Amino acid sequence: QVRLAESGGGLVQPGGSLRLSCAASGNIFRINAMDWYRQAPGKQRELVAAITSGGSTDYADSVKGRFTISRDNAGNTMYLQMNSLIPEDTAVYYCRADILRRGSWSFTAYWGQGTQVTVSS
């Protein structure tokens, strides 16, 4: 059994900051790519930021310069530091990871349950 759990969401004023965490637990042998997605009401889920096991990162144009993705490979944890938040960042944020379970021969994509981020005055 593998589980991804997000934390750190909440209500913040425009211009504020939040730090999201995604902790992977369970029967894990290795984790490859990890990503943050978000889904706003009435919109499709979109990729926000991605990080490889080697630490290479990529960002959606809408968050470049404001968000920073990082990971702690030893702790199987990923983070998203969000600064200069704007109302358009309001969404449910999900983490996703490609995980190789012990005893398995292939990687499987796992998703967290999501954490709500609301940017409002």
Side-chain angles (χ1 to χ4, degrees):
Q1 186 99 12
V2 171
R3 180 172 176 261
L4 295 181
E6 303 97 336
S7 61
L11 173 64
V12 63
Q13 291 187 341
S17 298
L18 282 175
R19 190 190 195 210
L20 305 183
S21 299
C22 172
S25 61
N27 189 27
I28 297 170
F29 180 72
R30 184 173 296 167
I31 302 177
N32 267 359
M34 301 183 79
D35 319 300
W36 286 101
Y37 284 76
R38 68 185 180 187
Q39 187 166 18
K43 295 189 177 181
Q44 288 189 330
R45 190 173 297 189
E46 63 173 351
L47 178 64
V48 175
I51 186 166
T52 67
S53 57
S56 296
T57 60
D58 198 12
Y59 298 91
D61 288 342
S62 59
V63 306
K64 280 181 182 176
R66 300 189 298 119
F67 290 10
T68 302
I69 188 172
S70 61
R71 64 191 283 175
D72 170 11
N73 287 332
N76 289 338
T77 304
M78 174 177 63
Y79 306 96
L80 186 67
Q81 178 66 43
M82 304 186 295
N83 299 328
S84 302
L85 284 161
I86 59 177
E88 290 75 15
D89 295 320
T90 296
V92 178
Y93 284 70
Y94 300 90
C95 64
R96 191 206 69 84
D98 292 324
I99 296 175
L100 180 65
R101 293 177 296 150
R102 297 181 190 278
S104 179
W105 292 96
S106 61
F107 285 85
T108 301
Y110 290 88
W111 290 84
Q113 292 298 308
T115 185
Q116 176 69 46
V117 171
T118 302
V119 184
S120 175
S121 55

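Quantities reported herein were computed from a predicted structural model and do not represent experimental measurements. Only heavy atoms go into these numbers, but all of them, side chains included; no hydrogens, no water, no symmetry mates.
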Visitor: Could you tell me which residues satisfy side-chain contact (heavy atoms from CB on, under 4.5 Å) with Ile28, sequence neighbours excluded, listed by chain and number?
Guide: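 With neighbours one apart ignored, the set is Val2, Ala24, Ile31, Asn76, Ile99.
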
Visitor: Is a side-chain donor or acceptor of Thr90 paired with a backbone partner of Val119 at a separation under 3.5 angstrom?
Guide: yes

Visitor: Mind checking whether Tyr79 and Ile69 sit in one hydrophobic cluster, side chains of I, L, V, M, F, W, Y counted as touching below 4.5 Å?
Guide: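 No; tracing contacts between hydrophobic side chains, which count when under 4.5 Å, never links both residues.
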
Visitor: Who are the salt bridge (Lys or Arg N to Asp or Glu O under 4.0 Å) partners of Arg101, not counting sequence neighbours?
Guide: none

Visitor: Of the non-hydrogen atoms in Ser84 and Ser17, which two are nearest, and what is the gap between them?
Guide: N-OG, 4.4 Å

Visitor: Just how far is it from atom OG of Ser53 to atom CZ of Arg71, taken to the nearest 0.5 Å?
Guide: 5.5 Å

Visitor: Under a 4.5 Å cut-off applied to non-hydrogen side-chain atoms, are Glu88 and Ser62 in contact?
Guide: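 Counting from C-beta outward, Glu88 and Ser62 never come under 4.5 Å.
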
Visitor: Any donor and acceptor pair, going by atom type alone, linking the side chain of Glu6 with main-chain N or O of Gly114 inside 3.5 Å?
Guide: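 Yes; at least one donor-acceptor contact below 3.5 Å.
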
Visitor: Is it the case that one hydrophobic cluster holds both Tyr94 and Met34, taking links as side-chain heavy atoms less than 4.5 Å apart, direct or via other members?
Guide: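 Per the 4.5 Å side-chain linkage, Tyr94 and Met34 are not co-clustered.
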
Visitor: Enumerate the residue pairs fulfilling salt bridge (Lys or Arg N to Asp or Glu O under 4.0 Å) with a member in residues 52-61, sequence neighbours excluded, ordered by first and then second residue.
Guide: Asp61-Lys64

Visitor: Flag yes if Val12 and Tyr93 sit in one hydrophobic cluster, no otherwise; membership is Ile, Leu, Val, Met, Phe, Trp, Tyr, and two members link when side-chain heavy atoms are under 4.5 Å apart.
Guide: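 In one cluster with Val12: Tyr93, yes.
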
Visitor: Using 0.5 Å steps for rounding, measure from the OG1 atom of Thr108 to the CG atom of Asn32.
Guide: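 It is 11.5 Å, given to the nearest 0.5 Å.
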
Visitor: For Gln39, I'd like to know if atom CD has over 12 heavy atoms of other residues, nucleotides or ligands within 6.0 Å.
Guide: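 Result for CD/Gln39: enclosed.
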
Visitor: If I compare all heavy atoms of Ala97 with all of Leu4, which pair ends up nearest, and what's the gap?
Guide: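 Ala97 and Leu4 have their closest heavy atoms at N-CD1, 3.8 Å.
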
Visitor: With a 4.5 Å cut-off on side-chain heavy-atom distances among I, L, V, M, F, W and Y, is there a chain of contacts connecting Leu47 to Met82?
Guide: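 No.
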
Visitor: What are the two closest non-hydrogen atoms of Met78 and Cys95, and how far apart are they?
Guide: CE-CB, 3.5 Å

Visitor: Drop me the distance from Leu11's CG to Gln116's CD, to the nearest 0.5 angstrom.
Guide: 9.5 Å

Visitor: Considering only residues two or more places apart or on different chains, which pairs with a residue in residues 13-67 satisfy ring-ring contact (aromatic ring centres under 6.0 Å, His included)?
Guide: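 Matches after skipping sequence neighbours: Tyr37-Trp111.
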
Visitor: Glu46: what forms a salt bridge (Lys or Arg N to Asp or Glu O under 4.0 Å) with it, not counting sequence neighbours?
Guide: Arg38

Visitor: Quick check: do Ile86 and Pro14 have side-chain heavy atoms less than 4.5 Å from each other?
Guide: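 They are not in side-chain contact.
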
Visitor: Which salt bridge (Lys or Arg N to Asp or Glu O under 4.0 Å) pairs, counting each pair once, include a residue from residues 25-35, with sequence neighbours left out?
Guide: Asp35-Arg96

